[in-house]
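Structure, as C-alpha cells:
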Amino acid sequence: MDERFNFKEVEQSLAEFWEEERVYGFDPKSKKEVFSIDTPPPTISGSVHIGHVFSYSQADFIARYKRMRGFSVFYPFGFDNNGLPTELLVEKLNKTTAEREGREKFIAKVEAVTKEYEALYRRTFGSVGISVDWTLLYTTISKDTQRISQLSFLELNRMGRVYRKETPTIWCPKEGTALSQMELKDKMLKSKFVTIRFSDDVVIATTRPELLPACVAIFVNPDDKKNSTLVGKKVKVPIFGQEVKVMADARVDPTKGTGVVMCCTFGDLTDIEWYKAYGLPLRIEISEKGKMLNKYFGGIGIKDARQKMIEDLKSAGYVLAEKEIEHNVNVHERCGTEIEFLVKMQWYVRYLDMKEVLIEQGRKLRWHPDFMAVRYENWIKGLQWDWSISRQRYYGIPFPVWYCKKCGEPIMADEKRLPVNPLVDKPGSKCAKCGSLDYVPETDILDTWATSSLTPLINAKWKGGDDYMHGIYPMSLRPQAHDIISFWLFTTVVKCYLHTKKLPWKDALISGHGLDSHGKPMHKSEGNIIEPSVVLEKYGADALRHWASLSRLGDDASFQDKDVLTGFKFVNKMWNVARFIEQNKAAGSRESRNVMDRWIRAKAAKLVKACTERFDEYDYAGAKRSADEFFWFFSNNYLEFVKYRIYGNDKDAAASTVMGVYLDILKLLAPFMPYITEKIYQELYRKKEGSISIHLSEWPKADAKHADGKAEALGDKVYGIISQVRQWKHERKAALNSEIKELVISEKLEDGEDDIKGAMNIKKISIGKGEIPVGDTGISIGIQA
RNA sequence: GGAGGCAUAGUCUAAUGGUAGGACGACACCCUUACACGGUGUAGGUCUGGGUUCGAUUCCCUGUGCCUCCACCA
C-alpha cells in the first residue's frame, strides 16, 4: 500500500471499477426486497453547488446502507429539463429568446444545452460518489415522460379533475406566461404612493396610478365614520372619465392611505375578490407583454405609464400628495418581474375540494424529521386557488388537446397515440359535440410541476390506472429539501393519489440547506456559491461527504472548510491504520481470550447495534458520529495497547482482533466514505471476504457472543490506569514510551496487568496503595520512574 | 400578520432534569518501528427575562436574533 492515500487516483479508478462491475446496478429480476428511492431530478438551470452535494449525499448514505442491508436498491437519477428555468438558461447562453427562435428551433437549442449540462451534472454527482444506477436515468422532457404526463392529463380529464376556465390569472408580463402561486416570491421595491383627488370628497391614495383606466369601483370600510358617507356616490375617474360607484367593504383598511381605495381589474388579489363578489365590470388595460392597451398611453410599458400618469395628473392638478415608499411586491421568482393579473383561459386541476383527503395522506407518510409534516398541512390549509397547469411558453410538454374550430369543444388525444404534439399531429377524430373536422391546436404547455409530480410513476413506467411496476411503486423513500414540500412533495401526493389512490412513498427524508460559511443561503447573485470541484480537488470526495454527514437531518448546515479538513484527516488516519494492519498481518485468524481484545470486541458489538438502530431511523448523522468516535478511540487507544503483543509473542490473537474490528468499522463508515473504505477493503479484505465490493458486502451484525460485561469493565479499568500513566509521563515531559521502573496498583487486575505493562513500558507491577487516584474507579496508583 | 425550525467555548457542533462531549483554532509537551496530514495534555461554553422543580443548558412562557415557508403589500 502507498505511503499516502492518493484520493484523486483512487477516486478515478474506483469510479470506473464500480461502473464496470455495476455495483450500483438495479436488477429487476433480483429476489431481494426492493428499496426504491424517488431521487429529486435537479433543474437544469446552471451549475451544481455545494448545497446540492449536501442533500444528495444524505440520500446516498441511506441508499448505501440499505444496499448493505441486503435490499435491491432502485436508485435512479433524473433531470428536470422541461421548465422555464431551463428555457431562461438557454436564452441566456444563446443570447436569444424563445419567441424570436420559434418553437421548433428553440427546442433544438434547449436539447443541445441540456445534453451539455447533463454531462456536467453527471460528472459532479458521480465524482461525489452518489451511488445511483445511471442506466435508470430519466428526463422530464423525454418521449416516455411526455407520454406519462399527457396520459395523466387525460386520465384526470376523464375523472373530471381538470377544467378550463377564463379567470384572472397570475401573469408574468416579461415571460408572457401564466404562473402558479408557487412561482412567486417577495421583493422590496421603491414606489410612489400618490394621493389623487377624484372629486372634492373622494380622495384615494394608490401606488398604481397607471391603472386609473381600469378602475371599476371605489371602496371604503363600512365602519369608517370619516368616509362611510361617501357610499353610494358616483364619481368620475380623472382623465379617463368613466363613472364609478363608491361601495362599502370590510376588506378596506381605514387607516391606510386616505381610507378610500380604487378597485381596478386587476391590481391585486383583493381587486379580484371584489370583482367576483360584486359582479364588477371588466376593464383590461394591460397586454400579455406588459404594455398599456389604452390609446392614451400609446403602447408604452407599465412602469413608463406610471411615470407619465403621475406627471399628467400633477399638471392637471389632481395630485394632492406624493410619498416615496418601499413595499413588498410579488415578483416572478425566476426573472424578478412584478406580476400582474390577467384574465385568461387556463387549464386547472381541481383540488380545493380534496384538502381533507390530502391532509390524511400526509399523515400516513412517515416524515423525517417529523415536524416537517406541519409545513405540508399548513400549506394545504392555506390553499385558495385550484392548480393552474397551463403555461404560455414554448418548451415543455404540450397539452394533448385540440379545439373544435366550429364550436370550441376540446378534443382529447387518443391515449394509444401518446405522446402527441397537437401543433404537428392531428386529432384523428371529429368533434364529439358538433361533428366538425376542423380543429385548432392547444399551444400552451403543461406546468413543469404537472410533470415532475409524477416522478414515482415515471420511475415505475406507469401505463395508466394500476398498471405500473409493482415493487417499485409505491416507492420506499422520497428524499428532498424542505423548501419544496409545498411544491414537489405536495403535488406528487396529489397526482399519485388521484391516479393510484395510494401514497407514493412510505418515508420522506427532508434535508436542510447547505449554506455558505456565514450561514447565508448560496445565490449566484450574492456571489457566495461554493463549487464542489474546488473542494473535491483539495480534499477529495470522502472528506466532502464527511461534511454533509455532520448535520442532523433537516438542519441547515453552513459550509466550513475546517469540517472538510477534519474529514480529510480522518481519511488519512483510516489509511494509516490499514497500513499498520498490512504490515502486521496475522498468520492465521483465531478468537482471542485476551482481556483487551474481548474489551474492544464488546465495545464494537455495542457500536454496531447503535449504528444500525440509528440508520434504521434515518439518523445517519448519529450513526456516523458514533462510528467516528469509536474509530478514533480504537486507533489511539486499543491499537497502542496491543502493539506490544503484535511486536511480541501474541501476534496472531492481537492482529486478528484488530483486523476483525477494523472491518466492522470500515463497513459502518462505507455509506459515508465510499472511496477510502472500498480501497482498504480491496487491499486487505476482499480475498478473504469474497464480496467484490464493500458496498455489496453484508452489514455487520452485533454479535451476541462478543457481549462481555466482565471484560469490558476490566478493560475500562486498564484504560483508566493507562490514561493516568500517560498524564504522569506528560507532566514530566517524558515520551509516552519512556520506561517506568515500577507501578503500584491498589487492585488486582488479573491478566490486565500485562497489558498495562506492555502498553506503558513498565518493568514491574505490584499491588499496594498509591497516591494517584484513577478517575472514579476507586483505584489508586503509584509510579516510580 | 401567520406557521415551522434553530440559538451551547473564538468558530462549527453533540448530549443531557443532577459532573456539557467532540472538531478547528490557541497554548504546552512528546519526532513512541501506521500516521507530525500524528500523539498526549491544558485553557475556554449552555442568547434575555420569567415559570415549573430539591435541582434546568435540557420542560413551559416571554423577548431577541438567524433561517425557511405562507399571507398582506390600495
Side-chain angles (χ1 to χ4, degrees), chain A residues 1 3-5 181-182 184-186 188-189 191 193-194 204-208 211 218-219 251-253 256-264 267-271 325-330 369 371-379 381-384 481-487 512-513 515 517-521 539 547 550-552 554-584 621-622 625-626 628-629 632 635-636 639-640 643 646-647 723 726-727 729-738 760-761 776:
Chain A
M1 290 170 76
E3 213 162 292
R4 294 259 177 256
F5 177 65
Q181 210 176 329
M182 310 169 201
L184 307 181
K185 74 172 182 194
D186 286 351
M188 278 301 259
L189 286 178
S191 185
F193 201 36
V194 191
I204 66 126
T206 181
T207 54
R208 302 289 308 264
L211 285 178
I218 287 178
F219 284 94
R251 276 166 277 209
V252 179
D253 176 359
K256 200 158 180 178
T258 58
V260 186
V261 194
M262 68 170 180
C263 168
C264 310
D268 63 26
L269 279 171
T270 324
D271 288 346
I325 57 160
E326 230 182 305
H327 67 162
N328 258 331
V329 289
N330 264 330
F371 63 80
M372 293 290 180
V374 180
R375 301 193 185 189
Y376 172 87
E377 289 201 12
N378 281 344
W379 168 258
K381 286 176 187 158
L383 280 176
Q384 301 203 30
H482 56 64
D483 56 336
I484 51 173
I485 289 174
S486 49
F487 302 53
H513 282 143
L515 309 171
S517 59
H518 305 290
K520 297 277 173 216
Y539 297 116
W547 165 68
L550 289 176
S551 69
R552 248 184 334 211
D555 276 6
D556 294 342
S558 65
F559 179 82
Q560 302 294 327
D561 197 78
K562 70 180 185 62
D563 288 334
V564 191
L565 175 68
T566 305
F568 175 82
K569 288 185 175 180
F570 191 104
V571 168
N572 177 250
K573 189 80 174 175
M574 288 174 80
W575 183 247
N576 279 303
V577 171
R579 285 178 60 221
F580 173 74
I581 290 174
E582 193 202 29
Q583 288 159 23
N584 300 288
R625 210 163 37 238
S626 352
D628 280 15
E629 200 186 322
W632 287 104
S635 343
N636 292 338
L639 234 42
E640 297 300 329
K643 271 182 181 172
I646 285 182
Y647 298 141
S723 297
R726 276 175 169 174
Q727 187 155 354
K729 285 187 177 179
H730 179 262
E731 278 160 10
R732 275 153 193 78
K733 301 189 179 185
L736 289 176
N737 66 343
S738 60
M760 285 288 101
N761 193 12
D776 52 6

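All of these numbers come straight from a predicted model, not from anything done at the bench. Order of the sequence lines sets the chain letters (A, B, ...), proteins ahead of strands, with each chain counted from 1. Both backbone and side-chain heavy atoms feed into the values below; hydrogens, waters and symmetry mates do not.
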Strictly by Watson-Crick or wobble contacts shorter than 3.5 Å, is anything paired with B/rA15, and which nucleotide is it? none

Tell me: CZ of A/Arg732 to C1' of B/rG41, nearest whole Å? 14 Å

Output the rounded distance in Å from NE2 (A/His513) to P (B/rC67). 13 Å

Considering only atom C1', compute the distance from B/rC6 to B/rC47 and round it to an integer number of Å. 12 Å

Suppose we call a contact any N or O donor and acceptor under 3.5 Å apart; does that hold for the side chain of A/Glu640 and the base of B/rA34? yes

Are there any protein N/O atoms within less than 3.5 Å of an N/O atom in nucleotides 3-13 of chain B, and if so, which ones and at what distance?
residue, atom, partner, partner atom, Å
B/rA3, O2', A/Asn378, ND2, 2.2

Under a plain distance cut-off of 3.5 Å, with no hydrogens placed, do A/Arg375 and A/Asn378 share a side-chain donor-acceptor pair? no

Nucleotide forming a Watson-Crick or wobble pair with B/rU53, both distances under 3.5 Å: none

If the C1' atom of B/rU52 is compared with that of B/rC59, how far apart are they to the nearest Å? 8 Å

Any donor-acceptor N/O pair, A/Lys573 side chain to A/Trp632 backbone, under 3.5 Å: no

Rounded to the nearest angstrom, tell me the gap between atom NZ in A/Lys256 and atom P in B/rG1. 13 Å

Between B/rU32 (P) and A/Lys729 (NZ): distance, integer Å: 13 Å

Side chain of A/Arg4 - closest among B/rC29, B/rC70, B/rA36: B/rA36

How long is the line joining CH2 of A/Trp632 and P of B/rA34, in whole Å? 16 Å

Rounded to whole Å, please give me the gap between CG in A/Asn572 and C1' in B/rG38. 9 Å

Whole angstroms only, please: what is the CG-P distance between A/Asn636 and B/rG22? 13 Å

Charged tip of A/Lys643 within 45° of A/Phe580 ring normal and under 6.0 Å: yes

Interatomic distance where CD1 belongs to A/Ile484 and P belongs to B/rC70 [whole Å]: 12 Å

I want to verify a distance call: between B/rU68, B/rA34, B/rC24, whose nearest atom is closest to the A/Arg579 side chain? B/rA34

I want to confirm an ordering. Mapping A/Ser723 and A/Tyr647 to their closest nucleotides on RNA chain B, which one lands closer to the 5' end? A/Tyr647

For A/Arg726 and for A/Arg208, find the nucleotide of RNA chain B with the closest heavy atom, then tell me which residue's nucleotide is more 5'. A/Arg726

May I ask you to evaluate whether A/Lys643 reaches the phosphate of B/rA34, defined as a side-chain N or O under 4.0 Å from OP1 or OP2? yes

Quick note, A/Lys573 side chain, CB onward, closest among B/rG38, B/rG41, B/rC29 is B/rG38

A/Pro521 side chain, from C-beta outward: closest of B/rC29, B/rG41, B/rU68: B/rU68

Taking atom P in both B/rA20 and B/rU42, compute the distance separating them and give it to the nearest angstrom. 14 Å

Does B/rC24 pair with anything, Watson-Crick or G-U wobble, both distances under 3.5 Å, and if so, with which nucleotide? B/rG10

Using the C1' atom in both, what is the distance from B/rG18 to B/rU46, to the nearest Å? 15 Å

Using purine N1 to pyrimidine N3 plus N6-O4 or O6-N4 for Watson-Crick, or N1-O2 and O6-N3 for G-U wobble, each under 3.5 Å, what pairs with B/rC35? none

